[in-house]
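Working notes, beginning with the structure itself.
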Amino acid sequence: MALWDRLKDSAKTMQTQLDAKKNDLKSGGFRDASMAMCALVAAADGSIDPAERQRVASLIATNDVLTNFAPDDLQTRFNDYCQKLTTDFDFGKVSVLQTIGKVSKKPAEARAVIQIGIVIGGADGDFDKSEQAVVREACFALGIAPTEFDL
């Protein structure tokens with residue numbers, strides 16, 4: 001199977017697993033960590049162009065798991081994390097990874113945040129090396145072995 005097909009299958013599998021856990025993913029910590037992960041993946045290459053920001057915002061708005069939260073609230077949080085990352089990527093990344101790490105004591109939420117990162121990263125069909133690297137860093141922040149997600 002070609003890498004492209006494996007990537008699409010993996011993203012679909014991750015989304016299916018997330019959908020199954022939707023009712024368990026309602027905490028404020030999960031909301032914040034998810035938006036931090038989305039911003040981190042969007043900024044993985046060190047910048048976020050407007051088209052990329054819009055694409056990720058659209059994916060957030062249409063992701064069934066995130067319908068537990070008000071769309072405007074998610075958008076505001078996503079934009080805030082993006083701002084931190086675009087102002088000073090290295091410093092912002094530390095802050096964003098700390099936010100992600102706050103769900104480490106809730107394994108279902110921690111894994112769901114990683115899955116959201118993979119879904120967002122693979123949504124354009126190219127889960128590139130920089131996106132994989134930041135999701136791997138998030139795994140470490142959560143105390144999850146990246147190999148669990150083939151990273």
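Ala110 and Ser104 make their closest contact through CB-CA, 4.4 Å (heavy atoms, listed as atom of the first residue, atom of the second, distance). Closest of all the heavy-atom pairs between Phe89 and Gly46 is CD1-CA, 4.0 Å. Taking each heavy atom of Glu131 and Gly121 in turn, the nearest pair found is OE1-O, 3.2 Å. Smallest separation of non-hydrogen atoms from Asn68 and Val65: ND2-O, 3.5 Å. Of all the heavy atoms in Val41 and Gly117, the pair that sits closest is CG2-O, 3.8 Å. Among all heavy-atom pairs drawn from Ala39 and Tyr81, the shortest one is CB-CB, 3.5 Å.
With sequence neighbours excluded, no residue forms a salt bridge (Lys or Arg N to Asp or Glu O under 4.0 Å) with Asp128. Remark: Glu137 pairs with Lys93 by the salt bridge (Lys or Arg N to Asp or Glu O under 4.0 Å) rule, at least two apart or across chains. In terms of the salt bridge (Lys or Arg N to Asp or Glu O under 4.0 Å) criterion, residue partners of Arg77 (sequence neighbours excluded) are, by chain and number, Asp32, Asp73.
Counting heavy atoms from C-beta outward, Thr76 and Asp80 have side chains that approach closer than 4.5 Å. Annotation: side chain of Ile114 is in contact with side chain of Met37 (closest heavy-atom distance under 4.5 Å). Counting only heavy atoms from C-beta outward, the side chains of Val135 and Phe127 approach each other to under 4.5 Å. Contact check for Ile60 versus Phe69: no side-chain heavy atoms found under the 4.5 Å cut-off.
Gln132 contributes atom CD, which lies 10.0 Å from atom CG of Asp150 (distance to the nearest 0.5 angstrom). A distance of 13.5 Å separates CZ in Arg136 from CZ in Phe149, rounded to the nearest 0.5 Å. Of the inter-residue distances, the one linking Leu40 atom CG with Cys82 atom SG reads 10.0 Å to the nearest 0.5 angstrom. To the nearest 0.5 Å, atom CG of residue Leu74 and atom CE of residue Met35 are 5.0 Å apart. Distance CD1/Ile48 to CZ/Arg55: 11.0 Å, rounded to 0.5 Å. The CD atom of Glu109 lies 11.0 Å from the CZ atom of Arg31; values are rounded to the nearest 0.5 Å.
Here the side chain of Thr87 pairs a donor or acceptor atom with the backbone of Gln83 at under 3.5 angstrom. The backbone N or O of Phe91 sits nowhere less than 3.5 Å from a side-chain atom of Ser95 that would complete a donor-acceptor pair.
Tested against Cys38, the residues Val96, Asn63, Val119, Val56 include a single side-chain contact (heavy atoms from CB on, under 4.5 Å) partner, Val56.
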